[in-house]
Participant: 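For reference, the structure I am asking about is given below.
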Amino acid sequence: MQGGLLHQALSSTQSLHARDVRPNPSSYACFLQRCARSKALLAGHYIHARIIADGIHHGDSLFGKLLLEMYGNCGCPDDAYKVFHHVQHKDLQCWNMMIAAYSHVDHIEQVFKLLHQMLMQQVRPDDGTLSNVLVACTSASSLTHGRLVHTYMILNSLLTSVSVINALITMYGNCGSLCSTRKVFLAAQHKDVVTWTAIISAFAKQGHATEALDLSKEMLSEDVEPDRVTFISILDACANLEASEMGKIVHTLITEMGIHIDVVLGTAVLNMYGKCGCLQCARLLFQTLQRQSVVAWNAMITAYVQSKLCKEALQLFYQMLKAGVKASKVTFISTLNACVKPQDLAEGMLLHHFVVENGICARSDIIVGTSLLSMYSECGSLYDAQNVFDSLSRKNVVSWTALLSAYVKHEKYSEVLVLFSKLDRKGISPNPITFLTVLDACANAKVSTSGDLAFSLIIEDELKLDSFLKTSLVSMYGKCGRLEDAKHLFVSVSPKNVVLYTAIIAAYAQCNHGKEALLLFQQMCQEGLKPDKYTYSGLLDAITGPATSLDGKIFHSLILEIGMESETCVGIALLNMYRNCGTLDDAVSVFVGLPTHNIVSFNAMLAIYAQHQEGYAAFELFQRVQNEGFSPDHVTFISTLDACAGSIDLVQAKSLHVNLVGTGVIYDTVVKTALLNMYSKCGDFKGANDIFESLLERDVAAWNAMIAAFADHGRGKEALELFKRMRGEGVNPDGVTLASVLLACSRAGLTKVGREYFDSMSAVYGVEPTVEHYACMVDAYGRAGLLNEAEDLLKKMPNHPSPVAWLAFLSACKVHRDVKRAKHAADRIFELDPKHTGARLMLSNIYAVAGMWNDATSVISKIT
DNA sequence: CTAGGGTTAG
């Protein structure tokens with residue numbers, strides 16, 4: 001366009017000159033108007049130069065205005081000002097044009113300077129002036145400047161024309177003062193379609209879509225006919241409310257009224273369908289557009305992302321490029337949202353590359369930069385997210401909140417709290433979303449003191465403590481075990497919604513107040529609120545321990561009845577419930593019934609396999625996790641390694657190790673300890689020892705695992721040496737350590753040494769002996785054939801001796817063929833657990849070996 | 001010269 005116009009200007013003036021004819025000023029004027037309309041700056045500059053060359057003074061009022069208009073339209077207010085400066089007789093129109101030139105771009109200070117100048121020169125502003133000034137306030141989002149103009153208008157009784165009032169309504173709407181918008185609207189004597197559209201748009205844009213729709217209805221009842229632009233705003237409100245029914249009605253109405261659906265209106269309809277989740281309708285509309293603008297493509301990409309069809313969204317992006325449409329900033333922002341998993345990282349990086357290639361500077365464009373930050377975080381690279389943040393030349397509360405959110409996602413809660421404490425120094429005021437993010441971190445880190453701090457800041461900043469924030473606080477206090485505080489906040493919210501109830505129910509459940517949780521669940525239902533998948537999942541946490549396993553079954557059937565079992569989060573909660581109280585079969589049936597899995601559901605099942613020592617099943621499930629493209633995390637590895645310890649062969653064990661290498665998870669001490677334990681239990685002592693020696697930091701669990709490994713491999717003396725090394729490094733042993741030490745003594749035949757450790761446990765190490773320690777000692781005596789000592793020890797056991805300790809003794813009796821003691825030991829076990837099958841089998845075996853067949857048969861026959 | 005409009009970051 002621009003090149004064409006320039007060429008035309010050049011050739012026509014040149015041909016005139018060739019014939020030595022001076023171009024007629026009216027042809028210059030005509031060209032200038034065309035340049036202004038087409039925003040052809042280059043051609044405009046050329047005409048300007050010719051005008052000067054032809055000796056026409058650009059202070060001439062005709063050319064002055066034409067040049068002003070041209071430069072203003074082309075977005076060059078400074079060039080316009082040079083012309084304005086030379087205009088000799090500045091009339092009102094000149095002033096208005098100059099102000100308009102500055103009001104289109106962000107030059108609010110210049111606009112007010114001009115306004116001041118014209119007032120000084122006794123030029124009275126008219127409606128046009130005021131409209132222009134208000135447009136400047138709107139585009140600068142400056143409520144202060146806007147209010148100033150409003151005051152001036154009131155003082156000078158200038159609130160007369162509809163157009164100025166409309167500009168005022170728009171200004172207040174755009175600057176976020178809905179209250180003032182409403183006041184001006186209500187005071188307006190005459191309202192036209194623009195007035196109504198301005199206020200509907202203001203409410204829709206500021207997140208008050210319900211009021212926007214109410215206003216739309218009021219407008220219709222007052223017999224004001226909506227036009228294309230009005231419908232765009234109404235559709236915006238429908239989109240925000242996800243009111244698809246209303247949206248469809250509006251769409252039909254538009255068609256019935258015979259309003260032409262152009263690209264802009266069409267995109268608004270498309271967007272409404274996209275936001276309402278009607279992807280098919282959106283797609284259909286997209287195809288019927290005469291021209292697919294970049295905005296329409298962007299809306300379409302967003303629609304796919306919101307429907308979680310990320311792959312399709314990316315495909316659309318490439319289709320768009322193929323169709324020859326140039327991607328805009330918004331295109332990249334929308335498409336980056338489609339990268340949400342670690343597998344999308346490469347795609348996200350490619351998009352980052354395109355952003356740079358398209359000349360968009362992510363460092364200075366805070367919105368694009370923040371989108372990139374979130375993309376990297378979602379795709380699992382906290383490192384890149386932090387790098388993008390560091391590179392931003394300007395940071396605002398949104399970019400800071402995005403960073404905090406990235407650290408929350410990566411479970412680095414203490415870092416979140418440190419970053420949050422820096423906000424104040426950086427001059428950033430947290431907003432409600434910042435607080436929601438920080439409270440999430442406090443809850444997960446169980447640091448309620450930081451939550452208290454956030455709470456006090458919310459109050460201090462006079463932020464509205466709305467039900468969202470209160471719900472988040474309830475949840476945080478619940479997770480931190482401060483039930484009273486959670487309850488206090490819960491009570492203060494009215495009316496209560498499902499999310500709030502879910503939070504308090506989960507709080508009670510997590511604090512082991514299952515009964516209260518159930519009562520609140522009941523109360524919620526009585527209030528007519530419908531529990532959702534999260535409510536059920538939180539409630540299931542309340543069902544723990546064998547004592548309540550009945551409730552668990554009842555709840556499971558209730559969940560099946562309402563068809564909630566196919567929700568992944570409910571399934572996970574059911575799995576966790578059966579992990580506490582249930583059989584392997586119960587768990588497997590829940591797991592198999594889940595249509596979609598995530599890494600957490602896999603982890604839950606793996607933990608159950610570990611609990612039931614189903615190593616091979618766990619190994620297979622782990623392979624499925626990998627084959628289906630999920631990224632195992634540290635929990636996945638810990639459960640798998642625990643489950644597989646002792647049940648898989650060494651080749652399989654090594655394959656798990658190989659999978660670990662190259663994931664960041666390998667640096668986790670807990671994971672390495674599980675790996676060590678697996679190697680040991682799978683018979684590879686050297687493998688276990690290598691892992692242990694490779695550890696940079698060793699916690700008590702790591703020491704325990706290695707001591708147990710020595711003991712298990714019959715290297716009792718070395719186990720004891722390692723124990724001494726552990727003590728030498730200042731690590732305090734716990735009950736598990738001492739059990740392993742006793743086991744090592746037992747295996748090495750060091751009964752006396754074992755007894756010394758046993759006797760000094762409480763005094764030297766501060767660990768009270770438990771059943772397990774007694775059982776170890778009984779086992780040690782039993783192996784050494786010291787049945788008297790073993791029996792003495794059992795009699796000294798505090799509280800009631802448990803079947804475990806007696807079973808160790810029974811086993812020793814078997815080895816030493818002591819039928820009398822065996823019968824006594826078995827009787828003790830049957831007193832504690834009459835159905836103890838293991839003890840019956842062992843006793844029967846002892847009788848059989850002694851040739852006491854009748855007794856053997858009689859003991860076995862009692863097995864039920 | 002002058003009032004209302006489609007996509008977009010936590």
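First the proteins, then the strands, lettered A, B, ... as listed; each starts at 1.
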Participant: Heavy atoms under 4.0 Å, any strand shown: does A:N132 hit a base, just sugar-phosphate, or nothing?
Facilitator: base
Participant: Is A:T370 reaching over with its side chain to a backbone N or O of A:I366, donor-acceptor style, under 3.5 angstrom?
Facilitator: yes
Participant: Which part of the nucleic acid does A:V193 contact within heavy-atom distance under 4.0 Å: base, sugar-phosphate only, or nothing?
Facilitator: base
Participant: Quick one: label A:T197 by what it contacts on the DNA or RNA (base, sugar-phosphate, nothing), any heavy atom closer than 4.0 Å.
Facilitator: base
Participant: Base, sugar-phosphate alone, or nothing: which one does A:V269 contact when heavy atoms must sit under 4.0 Å apart?
Facilitator: nothing
Participant: For DNA chain B, which nucleotides open and close the run of contacts to chain A, 5' to 3', at under 4.0 angstrom from a non-hydrogen atom?
Facilitator: B:dC1 to B:dG10
Participant: With a 4.0 Å cut-off on heavy atoms, is A:K275 in touch with a base, just the backbone sugar-phosphate, or nothing at all?
Facilitator: sugar-phosphate
Participant: Where does the angle between the aromatic ring planes of A:Y102 and A:Y81 fall among parallel (under 30°), tilted (30 to 60°) and perpendicular (over 60°)?
Facilitator: tilted
Participant: By the 4.0 Å heavy-atom rule, please label A:I366 as base, sugar-phosphate, or nothing.
Facilitator: base
Participant: Which part of the nucleic acid does A:S161 contact within heavy-atom distance under 4.0 Å: base, sugar-phosphate only, or nothing?
Facilitator: nothing
Participant: Would you say that more than 12 heavy atoms from the other residues, nucleotides or ligands in this model lie under 6.0 Å from the CD of A:E357, or not?
Facilitator: yes
Participant: Classify the ring geometry between A:F317 and A:F354 as parallel (under 30°), tilted (30 to 60°) or perpendicular (over 60°).
Facilitator: tilted
Participant: Just call it for A:K205: base, sugar-phosphate, or nothing, with non-hydrogen atoms closer than 4.0 Å on any strand.
Facilitator: sugar-phosphate
Participant: Identify whether any heavy atom of A:D262 sits under 4.0 Å from a base atom; if not, whether one sits that close to sugar-phosphate; answer base, sugar-phosphate or nothing.
Facilitator: base
Participant: Quiz question: by atom type and distance under 3.5 Å, do the side chains of A:D192 and A:T195 form a donor-acceptor pair?
Facilitator: yes
Participant: A:S293 near the nucleic acid: base, sugar-phosphate alone, or nothing, with a heavy-atom cut-off under 4.0 Å?
Facilitator: base
Participant: Tell me if the aromatic rings of A:W196 and A:F185 count as close, with their centers under 6.0 Å from one another.
Facilitator: yes
Participant: Describe the nucleic acid contact of A:D236 in one word from base, sugar-phosphate, nothing, applying a heavy-atom distance below 4.0 Å.
Facilitator: sugar-phosphate
Participant: Can you tell me how far NE2 of A:H150 sits from CD1 of A:I154, rounded to the nearest 0.5 angstrom?
Facilitator: 3.5 Å
